[in-house]
Amino acid sequence: MTAIRTQVAIIGGGPSGLLLSQLLNRAGIDTVVLERATRDHVLSRIRAGVLESGTVDLLREAGVAARLEAEGIPHGGFCLSDDDHLIRIDIHALTGRQVMVYGQTEVTRDLYDAQEAQGTTILHEVSDVVIGDLDQDRSIVDFTHQGQRKRLDCAYVAGCDGFHGVSRRTIPEDRRRAFERVYPFGWLGILATMPPLADELVYANSRHGFALASMRNDHLVRLYVQVPQADRVEDWSDDRFWSEFTRRIPAQLAHGLTPHPSIEKSIAPLRSFVSEPLRWGNLFLVGDSAHIVPPTGAKGLNLAASDVFYLHQALISALRGQGRAGIDGYSDRALSRIWKAMRFSWQMTTMLHRFEGEDSFAAQMRRATLDHLAQSETARHDLAENYVGLPY
């Protein structure tokens, strides 16, 4: 068996794993990243596009923000709508901060380029990963790569391998606790080459269901409609999508809208999920391996970034001999912020979506909540503070 020695083994080569590796490498900590897919596949994933201010700051710290700052679109607010009534949340005026529209694919590309420049070992198409000796001074990660069985000898393991990865399942089932809410609908999303419908994101509540008008840049939009959980992409032609989308967004946005062909179309199920604890011996869970949020509120990638923030500081201190308080407190510290983001995502989801079988009371509560936001600066401030990102 081929043996490789490193300080931190990172399982998962998506944005959270690459960002953690980048931050550790810049601090002089050696890492090896294992990814089950090819690089092209990782970069083909269509994901979130709104970055909290704290995430942008962390990317700056990692030295990968040059293209983001040149090409990203700063947003000082966003809009909610109740049928044709638009409510603007001025997050810059309310918090002094802003978010950045910059696609997760672009973040990942920037991180790949930076990691290659540093000469980090990133192994793709890795399979049959087994994590062991987590209660020892040194841990191991066995895996298959290029037809050979290999072993990583490391001080710590970071599980950044997503909801279906091996890392969370390595924690004994009787020692972890899962909390989950599965929503009875999904989001059908399309990419289309066209100018954005508005200068900022619009989250639309309507009697016909939810819709979201978002963008990736000045000529590429990402648009969504709420669909039943059982729907398939094949059920939705472009014509059907545009018909539903235009009747769910405010009339002033729909007026004069010219439908464009979709260049990508997919359905994302919505769920809230948290697994506790985030640490088991020398293993630490990061991002989707530990938690999933609905896309409402754009917290998925941002929540993974906050995990990385806490963990990279903790690992640097431990590996420099400066104490283990950070790694001992990682799970509690990260979970405190995770649950606040869960609450916000749940709030946004229930405020903007129709639920199958709901009564007339639920619709009135949505309307009252949106009306309260329109009239109360205090309510808007709370929403803005959470949207732009709670402090680390």
Side-chain angles (χ1 to χ4, degrees), residues 4 6-24 29 31-37 41-42 45 47 108 111 120-136 138-145 149-180 271 273-293 300-301 303-312 314-315 318 326-335 337-338:
I4 308 170
T6 191
Q7 290 175 289
V8 180
I10 299 176
I11 305 175
S16 60
L18 294 172
L19 178 57
L20 178 61
S21 179
Q22 177 72 7
L23 288 162
L24 292 176
I29 305 298
T31 65
V32 172
V33 180
L34 307 179
E35 168 57 43
R36 65 179 178 84
H41 179 79
V42 173
R45 298 168 182 162
R47 294 290 188 271
T108 307
L111 286 163
T120 304
T121 299
I122 304 175
L123 304 180
H124 288 91
E125 298 183 86
V126 165
S127 61
D128 304 320
V129 175
V130 178
I131 307 168
D133 290 353
L134 291 171
D135 58 348
Q136 305 298 312
R138 301 284 297 182
S139 297
I140 59 171
V141 180
D142 291 340
F143 59 97
T144 299
H145 181 243
R149 198 67 182 156
K150 300 180 181 180
R151 168 168 291 181
L152 263 179
D153 175 289
C154 56
Y156 299 105
V157 181
C160 308
D161 50 347
F163 182 79
H164 299 289
V166 69
S167 297
R168 184 179 68 254
R169 291 184 279 114
T170 298
I171 302 176
E173 190 171 357
D174 63 345
R175 298 303 179 94
R176 53 185 158 94
R177 187 178 181 190
F179 305 84
E180 186 171 31
R271 61 149 44 96
F273 173 84
V274 180
S275 181
E276 299 182 1
L278 272 60
R279 179 193 176 195
W280 182 252
N282 292 335
L283 170 67
F284 303 87
L285 303 184
V286 178
D288 288 358
S289 66
H291 46 77
I292 302 287
V293 290
L301 174 59
L303 203 51
S306 69
D307 293 347
V308 169
F309 174 83
Y310 298 130
L311 185 57
H312 95 279
L315 291 174
I327 60 173
D328 290 339
Y330 167 71
S331 183
D332 288 343
R333 192 179 180 197
L335 281 167
R337 193 175 190 278
I338 288 164

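Side-chain atoms are counted along with the backbone in the values below, which use heavy atoms only and exclude waters and symmetry mates. These numbers were taken from a predicted model, which means no experiment stands behind them.
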Inset, instruction - Would you mind checking if Asp307 and Arg337 are paired as a salt bridge, meaning a charged N to carboxylate O distance below 4.0 Å? - result: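 A salt bridge is absent here (no side-chain N lies under 4.0 Å from a carboxylate O).
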What I'd like to find out is whether the side chain of [X] reaches to under 4.5 Å of the side chain of [Y], using heavy atoms alone.
| X | Y | result |
| --- | --- | --- |
| Leu19 | His312 | no |
| Val126 | Arg36 | no |
| Leu315 | Ile29 | no |
| Leu24 | Leu20 | yes |
| Trp280 | Arg176 | no |
| Phe143 | Ile11 | no |
| Ser167 | Ile131 | yes |
| Val157 | Thr170 | no |

Please answer whether the main-chain N or O of [Y] pairs with a side-chain N or O of [X] as donor and acceptor at a distance below 3.5 Å.
| X | Y | answer |
| --- | --- | --- |
| Asp133 | Ile140 | no |
| Asp142 | Arg149 | no |
| Tyr330 | Leu285 | yes |

Legend entry - Interatomic spacing from OG in Ser275 to CZ in Arg169 - rounded to 0.5 Å: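 Between Ser275 OG and Arg169 CZ, I get 12.0 Å after rounding to 0.5 Å.
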Legend entry - From Leu123 atom CG to Leu152 atom CG, the distance as rounded to the nearest 0.5 Å: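 Rounded to the nearest 0.5 Å, the CG-CG separation comes out at 7.5 Å.
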Inset, instruction - Quick one: do Arg279 and Asp328 satisfy side-chain contact (heavy atoms from CB on, under 4.5 Å)? Show the steps, please. - result: CA-CA 8 Å; Arg279 179 193 176 195; Asp328 290 339; 2.8 Å; yes
Inset, instruction - Apply side-chain contact (heavy atoms from CB on, under 4.5 Å) to the pair Val8 and Phe284, showing each step before the final yes or no. - result: CA-CA 11 Å; Val8 180; Phe284 303 87; over 6 Å; no
Inset, instruction - Please confirm whether Arg271 makes a cation-pi placement over Phe163, using NZ or CZ under 6.0 Å from the six-membered ring centre and within 45° of the ring normal. - result: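 Arg271 over Phe163 ring: yes.
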Inset, instruction - Verify side-chain contact (heavy atoms from CB on, under 4.5 Å) between Val130 and Val166, making sure each step is shown before the conclusion. - result: CA-CA 8 Å; Val130 178; Val166 69; over 6 Å; no
Inset, instruction - Count the heavy atoms of every other residue, nucleotide or ligand shown that sit under 6.0 Å from CD of Glu173, and state whether that count exceeds 12. - result: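 No - once you tally the heavy atoms of other residues, nucleotides and ligands closer than 6.0 Å, there are 12 at most.
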Legend entry - Non-hydrogen atoms of Gly13 and Val42 that approach each other most closely: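 Minimum heavy-atom separation between Gly13 and Val42: O-CG1, 3.8 Å.
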Inset, instruction - Under the side-chain contact (heavy atoms from CB on, under 4.5 Å) rule, what do Asp161 and Leu34 come out as? Steps first, then yes or no, please. - result: CA-CA 9 Å; Asp161 50 347; Leu34 307 179; over 6 Å; no
